[in-house]
Amino acid sequence: MASGRDSGGMNILILGGGGREHALAWAVKQNPKTDRLIVAPGNAGIALLAECADIDILDSAAVVAFCEENAIDFLIIGPEAPLAAGVADATRAAGILTFGPSAAAARLEASKAFTKEICDACGAPTAAWARFADAAAARAHVLARGAPIVIKADGLAAGKGVVVAATEAEALAALDDMFGGSFGAAGAEVVIEEFMAGEEASFFVLTDGVTCLPLGTAQDHKRAFDGDTGPNTGGMGAYSPAPVLTDDLVAQVMAQIVRPTMAEMARRGTPYQGVLYVGLMIDGGAARLVEYNARFGDPECQVLMMRLGAQALDLMLACAEGRLAETGVNWACDHALTVVLATRGYPGPCPKGSVIAGLEALPEDSFHMVFHAGTAEAEGQIIATGGRVLTVTARGDTLAQAQARAYAMVDRIDWPEGFCRRDIGWRAL
Ligand code: AMP
Ligand code: GLY
């Protein structure tokens, strides 16, 4: 089988089909090492720069077979579901160079209780917690602790398994919901946490199991509407860097949270390899862990990729090949900001199929990109296929310039069925 690598360039497969994967594909494509780029399943925006392949990305055997048939030199796994399903274990066992943690290491995202146990074992600062498989004991705990309090389904729940309860009644209702089966097996066990006040920020670290390399900081806006009001979403916009994460705080987080966690994972025989998303709460000059994710954030990935450009591929390769100790990140003094355009109704149910016009007239360069999150092509037009549909991303010398550039693009998109927040970045401006 001819490898793309032997002929000079690499054949690269990215799993996923959201804005995160569009941004990954955009950055990878700019690197001259890339020969053939395939994204599975991809979307209408990704199809403009890569081949899209229709494979079941949760089916390890199907992914391995596809990699072998297409002489894939490097596999990048975007979302958490294939990681939790063990796709990285299968591809590595088949000798395919893979970016993304094993299923055992991805438990840092897939089980909230597991993450809390690891924090306890390595002394990483986080909210006080308790786990319950029994509804009556969980209710008693809520009544003993009082509100505000945080209720979490243990397992993966597509970002919906967390309730920050302002009152005891809300907390008890969340317990009823979770033990009542709203989240299926993910809610069979529930974690109850102390409420942490403060400002949230995300920190991204590459780790090859031994070396940890800080990759960048970002902040996202989780509420649907301006002024951080309305329901929680997967994220309505993001910017990088996050000024709240000062160099001193990053050093504290590396020393107290990231390195101890990675050492504990290695000690248990399940070293973590890939990108670690470190969700932090910052209060009174100190950071505590909110959560880990085993992947890039979406839409945080879009702003990170906009800033990293082609070197993102070199960094992910160094991570997968265990060469991070000899690798560094070249940061420019720049800022990136992304605005999510969502179908009206999101995060609730939203209609599919509305037509989005005006995209072809927008600039596409290293300062401006519209990354598609939920789109398809139908009869030559771009249509919306879900809640979060586009992530309009720009880079500038200042955050204000990046914001102005992003909203100038937003204003040229003709999509009456869509909405966005008009204040992404406000906290840092
Ligand atoms: P998670 O999926 O664990 O990140 O939780 C989703 C969101 O809930 C986080 O981004 C926070 O905004 C919030 N959250 C989670 N845990 C806590 C906590 N212990 N205290 C305050 N807010 C929290
Ligand atoms: N934007 C938050 C996440 O990707 O989980």
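First listed ligand is number 1; within each ligand, the first listed atom is number 1. Please read these numbers as outputs of a predicted model, since none were measured by experiment.
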(message) Using a 4.0 Å cut-off to any heavy atom of K152, which atoms of ligand 1 qualify?
(response) 3 (O), 15 (C), 16 (N)
(request) Might you point out which heavy atoms bring P347 and N232 nearest each other, and give the distance in Å? (result) CG-O, 3.5 Å
(message) Would you say S102 and Y272 are linked by a side-chain donor-acceptor pair, where the criterion is simply a distance under 3.5 Å?
(response) no
(request) Give the atoms of ligand 1, by number and element, whose distance to some non-hydrogen atom of E194 is under 4.0 Å. (result) 18 (C), 19 (N), 20 (N)
(request) Classify the contact between M196 and ligand 1 as side chain, backbone, both or neither, using a heavy-atom distance cut-off of under 4.0 Å. (result) both
(message) For F132 and H141, I'd like to know if the aromatic rings sit close, meaning centre-to-centre distance below 6.0 Å.
(response) yes
(message) I'd like to check the side chain to side chain contact (heavy atoms under 4.5 Å, CB included) partners of R267; sequence neighbours left out, ordered by chain and number.
(response) E264
(message) Ring of F296, cation from R20 - is the NZ or CZ under 6.0 Å from the centre and inside 45° of the axis?
(response) no
(request) Find the distance between CZ (R307) and CD (Q302) and round it off to the nearest 0.5 Å. (result) 14.5 Å
(message) Determine whether a donor-acceptor pair (N or O, by modelled atom type, separation under 3.5 Å) exists between the side chain of N43 and the backbone of H372.
(response) yes
(request) Could you grab the distance from atom CD1 of I46 to atom CG of L48, nearest 0.5 Å is fine? (result) 10.0 Å
(message) Geometry only, no angles: is A127 polar-contacting ligand 1 at N/O separations under 3.5 Å?
(response) no
(request) Using a strict cut-off of under 4.0 Å between a residue heavy atom and any atom of ligand 2, list the qualifying protein residues by chain and number. (result) D220, K222, G234, Y277, N293, R295, G297, D298, P299, E300
(message) Within the 4.0 Å heavy-atom shell around K222, which atoms of ligand 1 are there?
(response) 10 (O)
(message) Side chains of E300 and Y277 only: does a donor on one sit below 3.5 Å from an acceptor on the other?
(response) yes
(request) Please identify which atoms of ligand 1 are closer than 4.0 Å to at least one heavy atom of K112. (result) 1 (P), 2 (O), 3 (O)
